[in-house]
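Structure, as structure tokens:
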Amino acid sequence: MKKPVYLDYAATTPVDPVVADEMCKYLTLDGVFGNPASRTHAYGWQAEAAVEGARRQVANLIHADPREIVWTSGATESDNLAIKGAVAGRDNPHIVTSLIEHKAVLDTCKWLERQGVSVTWLAPERDGRILPGQVESALRDNTVLVSLMMVNNELGCQTDIAAIGAMLRERGVLFHVDAAQAAGKTEVDATLAKVDLLSLSAHKVYGPKGIGALYVRRSPDVRIESQIHGGGHERGMRSGTLPTHQIVGMGKAFELAIEHLEQECEMLESMRSRFLAGVNNLDGVTLNGSDQYRVPGIVNLSFAGVDAESLMLGLRNLAVSSGSACASATIEPSFVLRGIGLEDEQAHRALRFSFGRFSTGEEIDYAATQIVDVVTRLRSVR
Ligand SMILES: *Cc1c(COP(=O)(O)O)cnc(C)c1O
């Protein structure tokens, strides 16, 4: 069976072959397999050197100091560590977040809410952005943390984190940014944006799954409580033997991302235009999210009169995603689309198409043609 065209780069990316080759050198007896925490022999020293090299590569992408990078198992863990770690031990804490965050932030904040933490849930603009003024109005005397994503995974829209960061630094409130969908897709500068904590994932940037990082600002040090104890690795913030091959893979992937960023953005901009031009023959297509403040590789569209489930069934040759979740017997529309104020009906008609490094013009044209055909057919039998 021929595999469908992959248009779900926002869910995960394939590992770049250059990254996979690099990772293989850190597994076997003839490679660097030692425990990076082994201080007594060369196996450990070599592994440690590899880990520190990767730490520099990851820090470089976000303009940070390598000592500000803490390895985790992915952005989900980074989000948990940042938010729970910042709130732990604080007296009567209040946090501010939004309705359209990734579940890793939403569910963490909901859990904290059940533990007695107060949470303000900001509703974004219709285009998915959170504005600095909104955040400022939500601040209280006891606000310890604001957690917002830079690029939304369903919509691709981009919030101006530098404007929010500057305001929060002045107010003395910690700022956590989930940048899992921003890294490698747009310029991310943790220092310039005055961010205190920033979550990263390797597998959204052509690296392996199961590895990520949390940027924790230094000088002055941001204090967060460890959530995983056992040995005090990573400056006491995250214990556990470091997976050298995964870390080297993330480092290589981030190095490639720096190299490719400019040219890849241009390539994806032209694919986006090509894709939108391809579906332009159809009436009743709405772009969800922002056409101005966004990354190019994520396109979320609603098709009037066609529900996303039937459309996806028709588009068997395309691997795409709808943000809806099957809760028991009913299909719940995406909480992100509800969060930007879409009616259930329009939210039920939305699909996300995301492309990336290995997408081709041919695939984009094929996808657009398929969409036009299937939408036209579904509308005619209505
Ligand atoms: C994918 C993603 C995550 C989760 O990252 P994992 O590394 O898979 O745990 C968190 N936040 C955003 C915005 C994401 O896109």
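These numbers come from a predicted model, not from an experiment. In listed order, ligands and their atoms are each counted from 1.
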Practice item. Could you give me the CA-CA distance, side-chain angles and deciding distance for K252 and E255, then say whether salt bridge (charged side-chain N to carboxylate O under 4.0 Å, His left out) is met? Key: CA-CA 5 Å; K252 193 69 191 172; E255 183 185 73; 2.9 Å; yes

Review point. E77 to ligand 1: N or O pair under 3.5 Å?
Key: no

Review point. To the nearest 0.1 Å, how far is atom 1 (C) of ligand 1 from its closest protein heavy atom, and which atom is that?
Key: K204 NZ, 1.3 Å

Check your understanding: Going by the ring-ring contact (aromatic ring centres under 6.0 Å, His included) test, which pairs reach into residues 2-44, not counting sequence neighbours?
Key -> Y6-Y9, F33-Y43, H41-Y43

Exercise for review: Assess R357 against Y206: is NZ or CZ under 6.0 Å from the centre of the six-membered ring, and within 45 degrees of the ring's axis?
Suggested key: yes

Check your understanding: Okay, side chain of R126, backbone of G341: is any donor-acceptor separation there less than 3.5 Å?
Key -> yes

Exercise for review: Go through ligand 1 atom by atom and flag the ones less than 4.0 Å from a non-hydrogen atom of Q181.
Suggested key: 13 (C), 15 (O)

**Study point:** Polar contact flag for A75 and ligand 1 (N/O pairs, less than 3.5 Å)
**Key:** yes

Exercise for review: Considering only non-hydrogen protein atoms, determine which one is nearest to atom 8 (O) of ligand 1 and report residue, atom name and distance to 0.1 Å.
Suggested key: H203 NE2, 2.8 Å

Point to revise | Atoms in ligand 1 flagged as close to M149, the criterion being non-hydrogen separation under 4.0 Å | key: 13 (C)

Practice item. Could you list the atoms of ligand 1 found under 4.0 angstrom from a heavy atom of G74? Key: 7 (O), 9 (O)

Point to revise | F303 six-ring centre to R349 NZ/CZ under 6.0 Å and within 45° of normal | key: no

Under 3.5 Å donor-acceptor pairs involving side-chain atoms of residues 181-190, not counting sequence neighbours:
unit_1	atom_1	unit_2	atom_2	d
Q181	OE1	K185	NZ	2.7
Q181	NE2	A10	O	2.8
K185	NZ	Q181	O	3.3
E187	OE2	H63	NE2	2.6
D189	OD1	T191	N	3.1
D189	OD1	L192	N	2.9

Practice item. Could you walk me through whether E113 and K110 pass salt bridge (charged side-chain N to carboxylate O under 4.0 Å, His left out), step by step? Key: CA-CA 5 Å; E113 209 171 29; K110 280 186 199 162; over 6 Å; no

Revision key, fill the gap. The protein heavy atom nearest to atom 3 (C) of ligand 1 is H102 NE2, 3.4 Å

Check your understanding: Polar-atom distance check: N153 versus ligand 1, any N or O pair below 3.5 Å?
Key -> no

Study note, to complete from the structure: heavy-atom search around atom 11 (N) of ligand 1 in the protein gives D178 OD2, 2.6 Å

Review point. Does the R379 side chain pair with the main chain of T376, one donor and one acceptor, at a distance under 3.5 Å?
Key: no

Exercise for review: Write out the residue and atom name of the closest protein heavy atom to atom 7 (O) of ligand 1, then the distance separating them to 0.1 Å.
Suggested key: S201 OG, 2.7 Å

Review point. Nearest protein heavy atom to atom 4 (C) of ligand 1, by residue and atom, and its distance?
Key: T76 OG1, 3.4 Å

